[in-house]
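Here's the structure we're looking at; comments come further down.
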Amino acid sequence: MEVKRFLIKESRRFIRGMTLALAVLVTALCFVGCGEKDDDNQATIPPFDSSQPVEISDFTPKEGSVGQRLIIYGKNFGNDTEIIHVFIGGKEAKVIGVTGDAIYCIVPEKAFAGNIEIRIGDGENPVVAAAASSFAYQRKMVTSTLFGYRNERDDQPNGNYADFSQATLFKNDSWMKFDPQNPNHLYIAFDGAELSLIDLQEERFSRVLAKGSNFDRVRSVDFTLDGQYMIIANDQEGTEDPSTVIVPRQNNFMSGQQVLTRYRQCNGGSIHPINGELYFNSYEKGQFYRFDLANAQYFGGTLGVKDYEELFKIQDVNWEFNIRIHPSGNYAYIVVVNQHYILRSDYNWNTKKFTPAYLVCGESRASGYLDAVGSAARLNRPYQGVFVKNPEYAGRQDEYDFYFTDCNNHCIRILTPDGLVSTFAGRGSTSLNTDVWGYVEGDLRLETRFRDPTGLAYDESTNTFYVGDKNNRRIRKIAMEDTGEETEEETEEGTGE
């Protein structure tokens with residue numbers, strides 16, 4: 001399902017779901033209040049009668065996805081949720097209330113078949129009823145975990161390299177980038193640690209480069225236009241320290257690194273997708289630099305501090321930011337991490353340089369959480385972003401939305417070309433507790449929780465997002481529910497057939 005269409009449908013479904021949830025709550029409160037006779041001699045809800053059949057007469061809504069609230073109507077449901085089991089498509093649903101002639105439940109994930117079955121009673125011989133028609137289950141994008149874990153003491157091995165079932169992650173901010181020549185290779189840079197490789201095909205997590213003589217704090221990675229060289233942005237204090245490093249593809253980027261540019265406190269580097277020049281920054285005074293890779297002799301030797309030029313400054317001092325260039329090359333977003341806003345810089349195709357930046361969303365030094373347009377929106381430590389083509393924009397000058405991690409808001413946000421900021425995933429499951437952070441999977445807005453996400457990558461071919469969920473010590477995945485090959489078998493197991 002295309003991203004934009006999915007978001008619109010989910011927003012509408014979310015509103016419907018909240019309305020239904022309120023109805024369920026009111027009914028549940030009524031059920032609690034009416035479970036026994038009160039002083040007004042109100043009639044009790046009759047208990048389940050095992051000598052009588054259970055009947056399903058109807059259910060609503062007729063279609064939906066995981067997390068959808070569902071009401072099943074019928075007879076002889078009783079008043080005890082502990083003895084009621086509902087299966088949808090062979091998957092057991094969570095029962096949240098019963099009123100004798102109505103059961104309230106939540107549609108489970110992967111309920112693809114959609115057939116509805118109720119089992120009521122204790123012991124091995126429950127009374128069973130099935131609906132005459134099926135629930136039309138719709139696949140949706142959900143959050144899951146690729147690998148990693150965090151134990152109660154948070155003392156799991158740091159950076160343990162193994163298959164996904166054993167691998168653990170560094171406790172650092174992360175930056176992700178796909179290899180342009182291998183869609184199964186996802187590189188992940190850990191700030192202050194090293195560069196690692198996630199092999200999605202082999203399901204392996206391995207080290208590529210450890211910090212050493214040419215870099216101390218790897219902040220981001222990108223690739224030259226031919227894909228033969230990786231560019232590493234390095235964050236060190238000295239003016240003669242490497243700010244960007246280039247590594248050849250030979251030996252899988254594991255050796256042969258050379259210094260490209262030298263200056264202090266570089267937070268990120270990005271290659272222009274059309275003309276190929278390198279843009280990078282300095283935290284020192286918010287400098288925005290340009291380096292012409294096409295004219296650089298980067299195949300041997302090192303380069304000095306005067307081989308690049310400063311285009312502009314975005315603020316005064318200590319502005320931590322990274323540069324994300326639009327696929328067309330027409331503009332770049334400047335994500336200001338520690339000051340909670342995003343700027344835009346337009347590209348001059350005649351001079352082949354970016355022009356001074358202007359505000360797109362958020363406000364300098366004003367952290368917060370608010371979905372809104374432009375400077376009215378509030379962010380809290382935005383980190384990495386990716387451009388995602390939106391099919392609803394076909395024919396427009398700009399067909400891309402910008403998805404970015406909002407670290408201290410524990411979510412993934414969307415910035416449209418018109419400057420509207422909305423929330424894509426995270427901050428869900430408020431029924432569990434009042435926290436907006438945590439480790440919860442499932443529906444992107446109703447259930448999913450992150451804990452300080454930073455890294456973000458997007459695979460356009462599969463419409464899949466990968467998230468570096470820092471303080472959950474995991475790599476999370478946002479994708480369409482997988483129907484899998486075992487659906488029919490699982491259905492039979494779930495229904496006991």
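This is a predicted model, so every value here is computed, not measured. This chain uses plain numbering: 1 for the first residue, then up along the sequence.
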- Task: May I ask you to say whether K353 pairs ionically with E277, meaning some side-chain N is under 4.0 Å from a carboxylate O?
- Result: no

- Item | Note: D199-R204 ion pair, threshold 4.0 Å (strictly below) | no

- Could you tell me whether E481 and R139 make a salt bridge, using a distance below 4.0 angstrom between a side-chain N and a carboxylate O? no

- Task: Inspect the contact between D173 and K470 and indicate whether a charged nitrogen and a carboxylate oxygen are less than 4.0 angstrom apart.
- Result: yes

- Can you label the angle between the Y289 ring and the Y308 ring as parallel, tilted or perpendicular, going by 30° and 60°? perpendicular

- For Y331, is the NZ or CZ atom of R344 found under 6.0 angstrom from the centre of its six-membered ring and inside 45 degrees of the ring axis? yes

- Message: For D191 and R219: C-alpha separation, side-chain torsions, deciding distance, then whether salt bridge (Lys or Arg N to Asp or Glu O under 4.0 Å) applies.
- Response: CA-CA 5 Å; D191 183 4; R219 297 300 301 268; 3.6 Å; yes

- Message: Tell me if the NZ atom of K171 is crowded by more than 12 foreign heavy atoms within 6.0 Å.
- Response: yes

- Hey, are R249 and D226 close enough for a salt bridge, meaning a charged N less than 4.0 Å from a carboxylate O? no

- Listed by chain and number, what are the salt bridge (Lys or Arg N to Asp or Glu O under 4.0 Å) partners of E460, not counting sequence neighbours? none

- Message: I want to check something: taking the side chain as every heavy atom from C-beta on, are D241 and T239 in contact at a cut-off of under 4.5 Å?
- Response: no

- Salt-bridge present (D371, R413; N to O < 4.0 Å): yes

- Message: Under 4.0 Å between a side-chain nitrogen and a carboxylate oxygen: does that hold for R381 and D406?
- Response: no

- Using side-chain contact (heavy atoms from CB on, under 4.5 Å) as the criterion, point out the one residue from L195, D179, I188, L209 that pairs with V221. L195

- Not counting sequence neighbours, which residues clear side chain to side chain contact (heavy atoms under 4.5 Å, CB included) with S429? List them please. L432, V440, R449

- Quick one: sort the Y458 and F465 rings into parallel, tilted or perpendicular, breaks at 30° and 60°. tilted

- In terms of side-chain geometry, is the basic nitrogen of E447 or R427 positioned less than 4.0 Å from the acidic oxygen of its partner? no

- E363: what forms a salt bridge (Lys or Arg N to Asp or Glu O under 4.0 Å) with it, not counting sequence neighbours? R378

- Task: Check whether any side-chain heavy atom of F450 sits under 4.5 Å from a side-chain heavy atom of Y439, and report yes or no.
- Result: no

- Specify whether Y466 and F178 have parallel, tilted or perpendicular ring planes, treating 30° as the upper limit for parallel and 60° as the lower limit for perpendicular. perpendicular

- Query: Who pairs with R451 by salt bridge (Lys or Arg N to Asp or Glu O under 4.0 Å), at least two apart in sequence or on another chain?
  - Reply: none

- Taking side chain to side chain contact (heavy atoms under 4.5 Å, CB included) as the test, write out the residues that go with P273, two or more places apart. I325

- With the side chain counted from C-beta on, respond yes when S345 and I334 share a heavy-atom pair under 4.5 Å apart, and no when they do not. yes

- Query: By salt bridge (Lys or Arg N to Asp or Glu O under 4.0 Å), which residues pair with D469, not counting sequence neighbours?
  - Reply: R476

- Query: Just how far is it from atom CZ of F288 to atom NZ of K313, taken to the nearest 0.5 Å?
  - Reply: 13.5 Å

